[in-house]
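Structure record follows, encoded as structure tokens.
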Amino acid sequence: MPRNTNDTHHTGYYRKLTFADQAQFRDHLLRLTPEARRARFAMPASDAFLRCYAQTSFTLETLIHGYFVDGYLRAVAELRMFPDGTTAEAAFSVEADWQQTGVGTRLMELTLIAARNRGCRHIYMNCLATNRAMQQLARKFTSDLSFEMGDIVGRIAPRAYSPFSLIREQIADVFGFLGALADRPGLQARR
């Protein structure tokens with residue numbers, strides 16, 4: 001059950017999602033409020049749209065990091081690479097009880113490390129002009145924000161990858177795997 005406290009980010013773990021997480025990703029999207037759906041997709045998003053989106057997300061060049069609490073996916077950061085291989089778009093969704101807890105910031109850090117290690121040089125974040133939380137997150141990582149066609153667009157230029165950034169990503173992957181292993185008995189007990 002969601003907890004509405006400022007320390008919820010200490011109770012979960014972060015890891016990359018795989019195709020096996022498609023149902024968890026779908027369920028996370030379906031739990032988003034209508035306002036959160038509109039903020040994430042810049043339009044009202046029906047349940048049917050979200051089911052289709054979750055199904056196709058794992059077939060595209062998308063890297064998704066997730067935040068899990070008690071076996072449930074509660075927040076995601078998506079990094080969609082463009083065909084040029086050096087440009088990507090970052091998008092986030094965080095369920096209501098985990099907003100303003102640092103979860104989005106940590107997901108952004110993991111996304112930037114992954115982008116660096118894949119040779120990405122330009123990341124775009126599109127936010128609705130009314131999505132103050134996303135704008136606040138973007139401002140933590142860039143001062144390059146502009147108003148374009150009714151949206152706020154943030155541009156982030158990740159540094160080039162380094163041995164240290166590769167190691168950081170590998171360490172985060174190990175901790176995510178360990179978190180998933182530790183969480184599995186609790187998830188199985190509930191089922």
Side-chain angles (χ1 to χ4, degrees), residues 2 8-33 36-37 39-41 45 47-82 85 87-99 101-120 123-126 133-134 137 141 156 158 161 165-188 190-191:
T8 49
H9 64 284
H10 295 294
T11 63
Y13 62 93
Y14 301 84
R15 71 171 172 82
K16 287 179 189 154
L17 302 188
T18 67
F19 186 78
D21 297 306
Q22 183 179 346
Q24 280 264 31
F25 184 48
R26 177 201 63 221
D27 293 347
H28 158 71
L29 294 173
L30 291 171
R31 284 191 299 269
L32 295 175
T33 65
R37 291 177 182 195
R40 166 59 188 88
F41 294 100
D47 287 357
F49 171 84
L50 296 176
R51 285 185 183 96
C52 183
Y53 182 86
Q55 187 173 13
T56 60
S57 287
F58 291 94
T59 62
L60 304 171
E61 288 291 319
T62 304
L63 179 66
I64 305 172
H65 283 93
Y67 174 68
F68 290 81
V69 177
D70 297 329
Y72 293 97
L73 181 61
R74 298 301 186 178
V76 298
E78 301 171 60
L79 182 70
R80 287 193 187 270
M81 296 298 294
F82 291 5
T87 307
E89 180 181 12
F92 299 81
S93 56
V94 180
E95 292 178 26
D97 285 340
W98 285 270
Q99 292 179 3
T101 63
V103 170
T105 299
R106 180 63 182 143
L107 285 170
M108 178 62 134
E109 290 167 352
L110 292 169
T111 299
L112 288 177
I113 291 168
R116 286 177 66 182
N117 292 340
R118 284 153 184 79
C120 185
I123 298 176
Y124 293 93
M125 295 173 60
N126 291 339
M134 187 68 165
L137 177 62
F141 296 92
I156 301 171
Y161 77 90
S165 68
L166 292 169
I167 291 169
R168 284 182 66 192
E169 183 173 2
Q170 291 171 350
I171 289 171
D173 288 348
V174 167
F175 278 103
F177 176 75
L178 293 174
L181 284 178
D183 199 31
R184 196 154 308 280
L187 184 59
Q188 291 174 351
R190 284 195 304 279
R191 291 184 178 166

What do you reckon, is [atom1] of [X] surrounded by more than 12 foreign heavy atoms closer than 6.0 Å?
X: Tyr161; atom1: OH; answer: no
X: Arg168; atom1: CZ; answer: no
X: Phe49; atom1: CZ; answer: yes

Do [X] and [Y] come within less than 4.5 Å of each other through their side chains, counting heavy atoms only?
X: Leu32; Y: Glu95; result: yes
X: Asp21; Y: Thr18; result: yes
X: Val76; Y: His28; result: yes
X: Met81; Y: Leu63; result: no
X: Met108; Y: Phe92; result: yes
X: Arg80; Y: Ser57; result: yes
X: Leu178; Y: Tyr13; result: no

Glu78 (side chain) donor-acceptor with Ala91 (main chain) under 3.5 angstrom: no

For the side chain of Tyr14 and the backbone of His65, is there at least one donor-acceptor N/O pair under 3.5 Å apart? no

Could you give the distance from [atom1] ([X]) to [atom2] ([Y]), rounded to the nearest 0.5 Å?
X: Lys16; Y: Ile64; atom1: NZ; atom2: CD1; result: 12.5 Å
X: Asn117; Y: Ile167; atom1: CG; atom2: CD1; result: 10.0 Å
X: Arg116; Y: Ile113; atom1: CZ; atom2: CD1; result: 7.5 Å
X: Thr56; Y: Arg51; atom1: OG1; atom2: CZ; result: 14.0 Å

What pair of heavy atoms forms the shortest contact from [X] to [Y], and how long is it?
X: Phe141; Y: Leu137; result: CD1-O, 3.3 Å
X: Gly71; Y: Gln24; result: O-NE2, 2.6 Å
X: Leu79; Y: Ala88; result: CD1-CB, 3.6 Å
X: Thr101; Y: Asp97; result: CG2-O, 4.3 Å
X: Leu110; Y: Ala172; result: CD2-CB, 3.7 Å
X: Gly12; Y: Val69; result: CA-CG2, 4.1 Å

Could you label the plane-to-plane angle of the Phe58 and Phe25 rings as parallel, tilted or perpendicular, counting under 30° as parallel and over 60° as perpendicular? perpendicular

Using the rule given for side chain to side chain contact (heavy atoms under 4.5 Å, CB included), can you reason through Tyr72 versus Asp27, listing the C-alpha separation, both sets of side-chain angles and the distance that settles it, and then say yes or no? CA-CA 9 Å; Tyr72 293 97; Asp27 293 347; over 6 Å; no

I need the single residue from Arg37, Arg26, Arg31 that forms a salt bridge (charged side-chain N to carboxylate O under 4.0 Å, His left out) with Asp47. Which is it? Arg37

Contacts of Phe82 that satisfy ring-ring contact (aromatic ring centres under 6.0 Å, His included) - sequence neighbours left out: none

